[in-house]
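Everything below concerns the one structure shown next.
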Protein chains: 2
Amino acid sequence: MPAEASSSRPATPPLTERQEARRRRILHASAQLASRGGFDAVQMREVAESSQVALGTLYRYFPSKVHLLVATMQDQLEHMHGTLRKKPPAGDTAAERVAETLMRAFRALQREPHLADAMVRALTFADRSVSPEVDQVSRQTTVIILDAMGLEHPTPEQLSAVRVIEHTWHSALITWLSGRASIAQVKIDIETVCRLIDLTEPEGRT
Amino acid sequence: MPAEASSSRPATPPLTERQEARRRRILHASAQLASRGGFDAVQMREVAESSQVALGTLYRYFPSKVHLLVATMQDQLEHMHGTLRKKPPAGDTAAERVAETLMRAFRALQREPHLADAMVRALTFADRSVSPEVDQVSRQTTVIILDAMGLEHPTPEQLSAVRVIEHTWHSALITWLSGRASIAQVKIDIETVCRLIDLTEPEGRT
DNA sequence: ATCAAGTCTGAAACTTGTTCTAGATTAGCG
DNA sequence: CGCTAATCTAGAACAAGTTTCAGACTTGAT
């Protein structure tokens, strides 16, 4: 039995250099088109042409438009996580730091609202066939939040709070993207839900 | 100037009896198809045929598939609100009553998971052109939650908490529908977020 | 270097949401 | 009743996601 076979990733055969390059080109084209016009502007034919790849190949790399956009989101999330690591949030309480982190991410999304639209819509529209990828995004988000809280060993209660924060984050983004909530409102919602964290800690303020 | 012209609804001309009947048939067909196979199973041609209406007419009544499914959700929400009114939740605290109400709604959705899938996916996938309708659904949900809390005049803080609860509700439903969270997990998330309500009241328990 | 297996390409076909058109029906009004 | 505008119908047409296929190109192993 091979040593590196069945652990985390479901046996992704390593890509050759050219394949890696194709994958990058595709993700880049996807993000670029998304930045222009959001979810609808990411048309599979255009992505294929833009990244100089045949349509069939595009579908071999990403089995659906939603898969592609979720992968695009994973890609962007990594950037973001790196950026956030450099300047950790400065609040006194965990709740403040998480809220600050999320607001920073929110401001980044505001700079590319169309891209945000494409990624978030894909994420929430994803059906079961994309669950593993969506779950990966979710885990990455969890890590970012736990980082901001500064926790090594969260209690189950704290994990619940984090999950609720993620729910609020996604849903608040959607209401903002669809023009049903203002930026200020999203801020309030994030701050409100972050107060849940205080409930799970001995030292709350106020 | 006419007396009843421009108030709440944007001048919906009253429907004739046959039109009202058509509308009902369409919504019924939509719910029926959704119950079978979820979002994908609601195909506009089938809805049209099923409700004995031409495709063009269907589009005159509901300008897109998402509009149709959101209207279907409005319809179902009304039923649910009526049902909930009959047996108000019995918990001691507002948080308990809201959690109980939402879990009751959740159990109702579990009975028709495909229908739930179609409605919730439509709701979160909706773009700006559906905002008024989605907003209406959101208002209706707010009313249900405030009902459960037993509040006449909620404070702005309490309204924030309610918004966060709605966010969590929608997003938790999505994770459940896409198989990424168990029923138990949704329950925990709902109970967790409902504790936010205690933060906005003088008399918390514990 | 050569062969087999796997990958990529270009193009057509298929599916389903959406739009359009021409003619039939219906509703409201004189 | 008879007219006119609005509505409805059947069906074609179009758009974009997805699938399929035959042939060309790469890759890895011998």
Side-chain angles (χ1 to χ4, degrees), chain A residues 2 11-27 29-30 33-34 36-72 117-118 121-122 125-130 133, chain B residues 2 11-26 29-30 33-34 36-72 117-119 121-122 125-130 133:
Chain A
T12 304
L15 300 181
T16 73
E17 205 164 322
R18 306 184 62 188
Q19 288 176 321
E20 194 55 57
R22 270 190 207 103
R23 205 185 117 89
R24 293 263 112 242
R25 285 207 306 279
I26 293 173
L27 286 175
S30 166
L33 287 171
R36 289 222 197 306
F39 188 89
D40 293 331
V42 180
Q43 303 197 352
M44 298 305 268
R45 287 169 171 90
E46 281 203 47
V47 173
E49 187 175 355
S50 227
S51 48
Q52 303 196 270
V53 136
L55 192 54
T57 306
L58 172 53
Y59 273 95
R60 170 184 280 270
Y61 280 70
F62 302 97
S64 79
K65 173 170 172 171
V66 168
H67 280 86
L68 170 58
L69 285 173
V70 170
T72 303
D117 172 78
R121 296 260 295 285
F125 190 59
D127 67 359
R128 298 181 108 85
S129 72
V130 205
E133 288 81 359
Chain B
T12 305
L15 300 181
T16 73
E17 204 164 321
R18 304 183 61 188
Q19 289 175 320
E20 194 55 56
R22 271 192 206 102
R23 206 184 116 87
R24 294 262 111 244
R25 285 207 305 279
I26 293 173
S30 167
L33 287 171
R36 289 222 197 305
F39 189 89
D40 293 332
V42 180
Q43 303 196 352
M44 298 304 268
R45 287 175 234 271
E46 280 203 48
V47 173
E49 186 177 356
S50 223
S51 49
Q52 302 198 274
V53 135
L55 192 55
T57 305
L58 172 53
Y59 273 94
R60 171 184 280 270
Y61 280 71
F62 303 96
S64 78
K65 174 169 171 173
V66 169
H67 279 88
L68 170 58
L69 285 172
V70 171
T72 303
D117 172 78
M119 297 189 306
R121 295 259 295 284
F125 190 59
D127 67 359
R128 300 180 105 86
S129 71
V130 206
E133 288 81 1

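Numbered from 1 within each chain, the chains take letters A, B, ... in sequence-line order.
Taking atom CD of residue A/Glu17 and atom P of nucleotide D/dT27, one finds them 10 Å apart after rounding to whole Å. In this structure, A/Lys65 places its NZ atom 12 Å from C1' of D/dA15, rounding to the nearest Å. When the P atom of D/dA16 is taken as reference, atom CG of A/Leu58 falls 16 Å away, rounded to whole Å. Taking atom CZ of A/Phe39 as the reference point, atom C1' of D/dA16 lies 11 Å away to the nearest angstrom. Between B/Tyr59 atom OH and D/dC14 atom C1' the separation is 13 Å, expressed in whole Å. Taking atom CG of residue B/Leu55 and atom C1' of nucleotide C/dT15, one finds them 14 Å apart after rounding to whole Å. At whole-Å resolution of the value, OH in A/Tyr61 and P in D/dG17 are 21 Å apart. For the pair B/Gln52 CD and D/dA10 P, the interatomic distance rounds to 10 Å; values are reported in whole Å.
Residues passing the side-chain contact (heavy atoms from CB on, under 4.5 Å) test with A/Arg45 are A/Leu55, sequence neighbours excluded.
For residues 15-24 of chain B, the set of pairs meeting the salt bridge (Lys or Arg N to Asp or Glu O under 4.0 Å) definition, not counting sequence neighbours, comprises B/Arg24-B/Asp75. Counting only residues at least two apart or in different chains, ring-ring contact (aromatic ring centres under 6.0 Å, His included) contacts with residues 51-71 of chain B are absent.
Contact of the B/Leu33 side chain with the B/Gln43 side chain is not registered, since no non-hydrogen atoms from C-beta on lie closer than 4.5 Å. By the 4.5 Å heavy-atom criterion applied to side chains, A/Met44 and A/Leu68 are counted as neighbours.
In terms of heavy-atom proximity, A/Ala54 sits nearest to A/Ala48 at C-CB, 4.3 Å. In terms of heavy-atom proximity, A/Gly38 sits nearest to A/Ala118 at C-CB, 3.8 Å. Heavy-atom minimum distance, B/Ala29 versus B/Ser50: CB-CB, 3.8 Å. Heavy-atom minimum distance, A/Val47 versus A/Ser51: O-OG, 2.6 Å.
Taking every side-chain heavy atom of B/Thr57 into account, D/dC8 is the closest of D/dT18, C/dT9, D/dC8. Closest to the side chain of B/Thr16, from the set C/dG28, D/dT18, C/dC8, is C/dG28.
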Starting at the 5' end of DNA chain C, what dot-bracket string do you get if Watson-Crick and G-U pairs under 3.5 Å are bracketed, crossing pairs use [ ], other-strand pairs use | and unpaired bases use dots?
||||||||||||||||||||||||||||||

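Ring planes of A/Phe39 and B/Phe125: perpendicular class, angle over 60° (limits at 30 and 60°).
Formation of a donor-acceptor pair under 3.5 Å by the B/Ser30 side chain with backbone atoms of B/Ile26 is not found in this model.
Of the residues in residues 40-51 of chain A, those with a non-hydrogen atom less than 4.0 angstrom from any atom of DNA chain C are A/Arg45. A heavy atom closer than 4.0 Å to some atom of DNA chain C occurs in A/Gln19, A/Arg22, these being the qualifying members of residues 18-26 of chain A.
The residue A/Phe62 sits apart from the nucleic acid: no heavy atom pair falls under 4.0 Å.
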